[in-house]
Engineer: 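Below you'll find the structure I mean.
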Amino acid sequence: FRVEALPKDATFANPVGCCDLKFAAFGQTLTAQRLLRLDRSYWPAADYKAVKELFQTYHGLELLAAVLEEAAAEPSAH
């Protein structure tokens with residue numbers, strides 16, 4: 001297979017943290033780097049909306065995918 005297309009890098013931040021996703025292709029190696037950073041270990045109920053938004057966005061980023069296509073078979077040497 002070969003990489004046909006990669007999603008664009010994506011970053012999201014709000015008052016409770018940030019998340020991002022980066023794809024890269026190096027020859028036959030495809031990498032996806034994910035980050036979820038929380039600014040605190042707990043939040044008051046008043047911050048629930050922002051916490052939910054961060055986790056929903058992170059989940060949405062996890063759904064992004066690279067597009068692969070089958071590489072043409074290399075001709076055999078006779």
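Computed from a predicted model, the values in this text were never measured in an experiment. Numbers here are sequence positions counted from 1. Below, each value reflects all heavy atoms present in this structure, side chains not excepted, and no hydrogens, waters or symmetry copies.
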Engineer: Decide yes or no for His59 and Glu62: does some side-chain heavy atom of the first lie under 4.5 Å from some side-chain heavy atom of the second?
Structural biologist: yes
Engineer: Would you check if Arg34 and Tyr58 make a side-chain contact, meaning some heavy-atom pair closer than 4.5 Å?
Structural biologist: yes
Engineer: Do Asn14 and Val51 have side-chain heavy atoms sitting under 4.5 Å apart?
Structural biologist: no
Engineer: Working to the nearest 0.5 Å, report the span between CG of Asp47 and CG of Leu54.
Structural biologist: 11.5 Å
Engineer: Just so I know, are the side chains of Cys18 and Thr11 near enough to count as touching, which here means a heavy-atom distance under 4.5 Å?
Structural biologist: no
Engineer: Taking the side chain as everything from C-beta on, heavy atoms only, tell me whether Asp9 gets closer than 4.5 Å to Leu21.
Structural biologist: no
Engineer: Identify whether Leu35 and Phe55 are in the same connected component of the hydrophobic contact network (ILVMFWY, side-chain heavy atoms under 4.5 Å).
Structural biologist: no
Engineer: Between Ala25 and Leu6, what is the shortest heavy-atom contact and its length?
Structural biologist: N-CD1, 4.0 Å
Engineer: Between Tyr48 and Trp43, is there a shared hydrophobic cluster once you connect ILVMFWY residues whose side-chain heavy atoms come closer than 4.5 Å?
Structural biologist: no
Engineer: Do Val16 and Phe12 sit in the same hydrophobic cluster, where Ile, Leu, Val, Met, Phe, Trp and Tyr count as joined when their side-chain heavy atoms come under 4.5 Å apart?
Structural biologist: yes
Engineer: Is there side-chain contact between Phe23 and Thr31, with heavy atoms separated by less than 4.5 Å?
Structural biologist: no
Engineer: Membership question, hydrophobic clusters at under 4.5 Å side-chain separation (ILVMFWY): are Leu64 and Val3 in the same one?
Structural biologist: yes
Engineer: Can you tell me how far the CD atom of Glu69 sits from the CD atom of Glu4, to the nearest 0.5 Å?
Structural biologist: 4.5 Å
Engineer: Under the 3.5 angstrom rule, does the side chain of Asp20 hit a backbone N or O of Ala10 as a donor-acceptor pair?
Structural biologist: no
Engineer: More than 12 heavy atoms of other residues, nucleotides or ligands under 6.0 Å from CD of Glu70: is that the case?
Structural biologist: no
